[in-house]
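Worksheet: the structure to be examined is printed underneath.
Just follow the structure's listing: the first ligand is 1, and inside any ligand the first atom is 1.
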Amino acid sequence: MPADHEYHTFIKKVVRHRLRQAGFRRITTPIFEFTDVFKRSIGDETDIVSKEMYTFEDRKGRSLTLKPESTAGVIRSYIQNGMQDLPQPVQLYYIEPHFRYDRPQKGRYRQFWQIGFEIIGESDPALDAQCIQLANLINKDLGIDHVFTLQLNTIGTPEARKEYMQVLQDYYVGKERSLCEDCKARLSKNPMRLLDCKEEDCQILAELAPKMADYLDDESKAFHAELKSFLDEMGIEYVENPRLVRGLDYYSKTVFEFWDKNDGAQNAIGGGGRYDGLVELLGGQPTPAVGYAAGMERMIANMKIEKIQVPCKDDLHVFVAQLGVEAKKKCLPLIEKMRNEGIKTMGALGTGAIRNQLRMADKFQVPWTVIIGITEVREGTAIIRNMKKGTQETVPMEKVIPVLKKKIGEKNLDRYSPGELLYS
Ligand code: AMP
């Protein structure tokens, strides 16, 4: 809705600005991909793939899926468009709608927007630190950083994880009866997901489960220690959360999420991590990468709770009311000129009594109305009405614009017109 668009526009500006400063370029991947792109990267046993995808067949019976997230598509595009030949790392960002077949509820929609960014082609904890720092900066710019805590964990390399997953499965032997139905199903294929289940009984068991930290490979340990030292250096606070796993299979080493201080994971605003195996998994050369994604609706909801006002440039300056065809002939060129001069103008151009048009002007809450009736056409004048005070003055037609500009004030005029800038 228009009122939310003011927030959308503001968030997009913040994101574009911060990422441009950091050398990122924007990418848009298609709304749908071959289902396999998501299945292979996100993982068959994840909630997203097993329960939340909008999958359908096209006319040739090929399985397609509306994108539930963007990383898989970005990496598919990186490989397909030869981006590995560009100077590395390749830094990309997106602002896109996504689709998940979730139960619609507050903060959870079937179509929602994410902003996100990826650094592809280099592996260093300093890049993970930079991703986190950028995510933090965006939250700060939106005035909502204090609402969230940064939750941080490392899930090691896939090899280290194999051993740990076996240990976890062994731990849960004999405890299956206490698990929720989802966790029972996940246990054999994706036991790490049991650690971040929201069900109380599952949480109690997860609390006592063996910790990934005890099975980490040395490389992941050193990587994580270095990442934390960088975050400390930048003064970024984090909570070490050994049970944070993220719901997608492609992660390795660093994972992080921004959790709501009151609601925890339930209302996380965004999350990300390192995914060093994904490019290879989708058919490219082994290429490390790290990224982040955050939900725009949740950003907006939190900005509203925090009573953050975003600048709104949509309010009108002037309403033009008219009476009769001859008056309309005067109005149309006048309206065009006014707009070109930066006066935001709406015309009541349908037929209707002047009284109704003025009522309309009131509803649109314009400060000024220009009225051109039969007399004004004949005399080459127009009436300028101050809507708040209810006073009005008659001015010669050629004075309408200068008089209005003075009333509105030079700095309030809306002259921004990118097309004009390009060709003038
Ligand atoms: P995820 O990659 O699933 O952790 O999603 C990242 C962020 O996207 C979340 O923290 C939310 O802010 C947002 N998000 C994910 N799913 C939805 C949804 N169904 N509706 C609204 N926002 C969502």
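Residue, atom and distance of the protein heavy atom nearest to atom 11 (C) of ligand 1 are R298 NH1, 3.6 Å. Among all protein heavy atoms, the one lying closest to atom 13 (C) of ligand 1 is G295 CA, 3.6 Å. Scanning the protein for heavy atoms near atom 19 (N) of ligand 1, the closest one is Y109 O, 2.9 Å.
Backbone and side-chain nitrogen or oxygen atoms of Q114 are examined, and one is located within less than 3.5 angstrom of a nitrogen or oxygen of ligand 1. Checked by distance only, ligand 1 and F112 stay at 3.5 Å or farther apart across all their nitrogen or oxygen atoms. Between R246 and ligand 1, at least one pair of N/O atoms sits closer than 3.5 Å. Residue-to-ligand polar distances place I269 within reach of ligand 1: an N/O pair is separated by less than 3.5 Å. For A294, no nitrogen or oxygen atom sits less than 3.5 Å from a nitrogen or oxygen atom of ligand 1, counting backbone and side chain alike. In terms of polar-atom proximity, defined here as any N/O pair under 3.5 Å, A268 does make such a contact with ligand 1.
When each atom of ligand 1 is checked for a heavy atom of D102 under 4.0 Å away, the hits are 19 (N). Those atoms of ligand 1 with a heavy atom of G107 less than 4.0 angstrom away are 20 (N), 21 (C), 22 (N). Near G270, meaning under 4.0 Å from one of its heavy atoms, ligand 1 places the atoms 10 (O).
With K261 contributing its side chain and H146 its backbone, the two residues share a donor-acceptor pair below 3.5 Å.
A donor atom on one side chain and an acceptor atom on the other are found under 3.5 Å apart for T65 and T55. Between the side chains of E118 and T71, at least one donor N or O sits under 3.5 Å from an acceptor N or O. Side-chain N/O atoms of T149 and E237 include no donor and acceptor closer than 3.5 Å.
Between F117 and Y292, the ring planes lie tilted relative to each other; the angle falls in the 30° to 60° range.
The closest non-hydrogen atom to atom 1 (P) of ligand 1, taken over R100, M299, R110, R103, comes from R100.
Taking a cutoff of 4.0 Å between a charged side-chain nitrogen and a carboxylate oxygen, R415 and E420 do not qualify as a salt bridge.
Proximity of the aromatic rings of Y93 and F24 is defined here by a centroid distance below 6.0 angstrom, and this criterion is not met.
For the pair K228 and Y238, the cation does not sit on the ring face, since its NZ or CZ is not both under 6.0 Å from the ring centre and inside 45° of the axis.
In E233, the CD atom is not crowded: 12 or fewer heavy atoms of neighbouring residues, nucleotides or ligands sit closer than 6.0 Å.
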